[in-house]
**Q** 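If you scroll down you'll find the structure; I have some questions about it.
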Amino acid sequence: MREEEELLYSPKDLKWHSLGNGAHYRLLRVSPETGQFSIILKLDAGGMFAGHYHLGAGEFLMLKGELKYKDSTAKAGDWGYEPLGAVHADTNVDMETELLFIGYGPIAFTGEDGSIAQILDARLLSDVAEGKIEPVSFTVDA
């Protein structure tokens, strides 16, 4: 069994990686054993994430900006939890927004008919960060 290493660094020193159409992330950590991932997610002003549902729980801490979230708005300093199976329509931002997101499993992005169009998971985030694959857009319906 591989021993987990301790990590300590400044996220501002990490490179931004594109997820297409104004969405970027800094990869803090992935766990190949569990599929967990931790990222700083940045959405440019006017950006959006397409409709999706959680194949694993997730939690977030708003660092800057505002995220239109269900019937309310998450603002800097707000924390949220999204359980396994949580469903979200398109998520929009009017201003540059950053949040810490910890995913405990994949996120399934859906097409207009509700079928799974794309999967965002720890491996994809790691592969994009390592330059193994090109980013795919998760900010518009596939």
Side-chain angles (χ1 to χ4, degrees), residues 2 4-142:
R2 180 175 81 103
E4 189 75 26
E5 67 179 279
E6 292 183 34
L7 302 171
L8 177 63
Y9 45 79
S10 176
K12 72 179 180 348
D13 295 335
L14 300 174
K15 180 180 175 189
W16 287 108
H17 303 284
S18 176
L19 287 173
N21 297 321
H24 314 273
Y25 69 97
R26 286 179 163 152
L27 184 60
L28 302 174
R29 178 181 170 270
V30 296
S31 171
E33 298 83 10
T34 66
Q36 180 181 346
F37 59 91
S38 301
I39 61 173
I40 304 283
L41 176 64
K42 177 173 74 170
L43 294 168
D44 295 336
M48 58 92 69
F49 246 42
H52 60 276
Y53 62 93
H54 292 260
L55 299 172
E59 57 187 297
F60 64 91
L61 176 65
M62 295 295 297
L63 302 174
K64 106 180 191 185
E66 296 182 349
L67 183 71
K68 294 176 184 169
Y69 184 75
K70 298 212 176 209
D71 295 330
S72 61
T73 301
K75 299 177 182 181
D78 290 348
W79 173 86
Y81 174 77
E82 301 167 327
L84 171 71
V87 177
H88 301 284
D90 292 348
T91 303
N92 302 288
V93 299
D94 293 328
M95 63 186 74
E96 183 176 283
T97 298
E98 290 183 22
L99 55 133
L100 167 66
F101 183 83
I102 300 169
Y104 299 102
I107 299 171
F109 285 81
T110 54
E112 289 183 18
D113 64 356
S115 65
I116 295 175
Q118 298 171 328
I119 298 285
L120 182 131
D121 63 4
R123 176 172 230 156
L124 181 134
L125 293 168
S126 182
D127 285 351
V128 169
E130 294 173 9
K132 293 179 181 176
I133 62 172
E134 292 294 315
V136 186
S137 174
F138 290 92
T139 55
V140 295
D141 288 335

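Values in this document were obtained by computation on a predicted structure and should not be read as measured data.
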**Q** Compare every heavy atom of Trp16 with every heavy atom of Ile40, then report the nearest pair and how far apart it is.
**A**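 Closest approach of Ile40 to Trp16, heavy atoms only: O-CZ3, 3.6 Å.
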
**Q** Got a sec, which residues hit side chain to side chain donor-acceptor pair (under 3.5 Å) with Lys75, two or more places apart in sequence or on another chain?
**A**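 If we apply the side chain to side chain donor-acceptor pair (under 3.5 Å) test to Lys75, skipping adjacent residues, there are no hits.
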
**Q** Write out all pairs satisfying salt bridge (charged side-chain N to carboxylate O under 4.0 Å, His left out) with one or both partners inside residues 16-29, taking only residues at least two apart or from two chains.
**A**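 Listed once each, the pairs are Glu4-Arg29.
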
**Q** For Leu84 and His54, run side chain to side chain contact (heavy atoms under 4.5 Å, CB included): C-alpha distance rounded to whole Å, both residues' side-chain angles, the deciding distance at 0.1 Å, then the answer.
**A** CA-CA 5 Å; Leu84 171 71; His54 292 260; 5.8 Å; no

**Q** Can you list the residues that meet the side-chain contact (heavy atoms from CB on, under 4.5 Å) rule with Ala108, with sequence neighbours excluded?
**A**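 For Ala108 the side-chain contact (heavy atoms from CB on, under 4.5 Å) partners, ignoring immediate neighbours, are Tyr53, Leu55, Ile116, Ile119.
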
**Q** Return the CG to CG distance between Leu43 and Leu99, rounded to the nearest 0.5 Å.
**A**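 One finds 7.0 Å between CG of Leu43 and CG of Leu99.
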
**Q** With sequence neighbours left out, write down each residue that passes ring pair (Phe, Tyr, Trp, His ring centres under 6.0 Å) with Tyr104, or none if nothing qualifies.
**A**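 Per chain and number, Tyr104 pairs via ring pair (Phe, Tyr, Trp, His ring centres under 6.0 Å) with no residue.
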
**Q** Can you tell me how far the OG1 atom of Thr97 sits from the CG atom of Leu41, to the nearest 0.5 Å?
**A**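 These two atoms lie 9.0 Å from each other.
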
**Q** Using the ring of each side chain (for Trp, its six-membered ring), is His52 parallel, tilted or perpendicular to Phe109, with breaks at 30° and 60°?
**A**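 The arrangement is tilted - the two ring planes meet at 30° to 60°.
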
**Q** Going by side chain to side chain donor-acceptor pair (under 3.5 Å), name the residues that satisfy it together with Lys12, two or more places apart in sequence or in a different chain.
**A**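 Checked Lys12 against side chain to side chain donor-acceptor pair (under 3.5 Å); matches are Ser10.
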
**Q** Can you confirm whether Tyr25 sits close enough to Leu14 that some side-chain heavy atom of one is under 4.5 Å from a side-chain heavy atom of the other?
**A**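 Sidechains of Leu14 and Tyr25: no contact.
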
**Q** Nearest heavy-atom pair of Asp121 and Leu124: which atoms, and what distance?
**A**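 In terms of heavy atoms, the two residues are closest at OD1-N, 2.9 Å.
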
**Q** Identify the two heavy atoms, one from Ala129 and one from Leu27, that lie closest to each other, and give their separation to 0.1 Å.
**A**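 Smallest interatomic distance, heavy atoms only, reads CB-CD2, 3.8 Å.
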
**Q** What salt bridge (charged side-chain N to carboxylate O under 4.0 Å, His left out) pairs are there with at least one residue in residues 47-69, not counting sequence neighbours?
**A**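 Every salt bridge (charged side-chain N to carboxylate O under 4.0 Å, His left out) pair that includes a residue of residues 47-69, provided the two are not neighbours, is Lys64-Glu96, Lys64-Glu98, Lys68-Asp94.
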
**Q** Just jot down the salt bridge (charged side-chain N to carboxylate O under 4.0 Å, His left out) partners of Lys132, sequence neighbours excluded, or say none.
**A**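 Counting only residues at least two positions away or on another chain, Lys132 forms a salt bridge (charged side-chain N to carboxylate O under 4.0 Å, His left out) with Glu130.
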
**Q** What heavy-atom pair brings Gly58 and Phe101 nearest, and what distance separates the two atoms?
**A**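 Closest pair (atom of Gly58, atom of Phe101, distance): CA-CZ, 3.9 Å.
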
**Q** Can you tell me how far the CG atom of Leu28 sits from the CZ atom of Phe37, to the nearest 0.5 Å?
**A**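 Here the rounded value is 11.5 Å.
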
**Q** What pair of heavy atoms forms the shortest contact from Ala122 to Val30, and how long is it?
**A**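 Distance-wise, the nearest heavy atoms are O-CG1, 3.7 Å.
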
**Q** For the atom pair CZ (Arg123) and CD1 (Ile133), what is the distance rounded to the nearest 0.5 Å?
**A**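 The distance works out to 9.5 Å.
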
**Q** Of all residues at least two apart in sequence or in a different chain, which pass the side chain to side chain donor-acceptor pair (under 3.5 Å) check with Ser72?
**A**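 In terms of side chain to side chain donor-acceptor pair (under 3.5 Å), with neighbours along the sequence ignored, Ser72 is linked to no residue.
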
**Q** Could you work out, with side-chain contact (heavy atoms from CB on, under 4.5 Å) as the rule, every residue matching Leu61, not counting sequence neighbours?
**A**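 By the side-chain contact (heavy atoms from CB on, under 4.5 Å) rule, Leu61 matches Leu63, Trp79, Leu100.
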
**Q** Under the 3.5 angstrom rule, does the side chain of Thr110 hit a backbone N or O of Gly51 as a donor-acceptor pair?
**A**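 Checked: pair present.
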
**Q** Below 4.5 Å, heavy atoms only, C-beta onward: do Met62 and Leu67 meet side chain to side chain?
**A**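 Yes. Closest side-chain heavy atoms under 4.5 Å.
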
**Q** Restricting to ring pair (Phe, Tyr, Trp, His ring centres under 6.0 Å), what partner residues turn up for His24, sequence neighbours left out?
**A**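 Result, ring pair (Phe, Tyr, Trp, His ring centres under 6.0 Å) vs His24: none returned.
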
**Q** According to side chain to side chain donor-acceptor pair (under 3.5 Å), who are the partners of Asp13, at least two apart in sequence or on a separate chain?
**A**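 Not a single residue meets the side chain to side chain donor-acceptor pair (under 3.5 Å) criterion with Asp13.
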
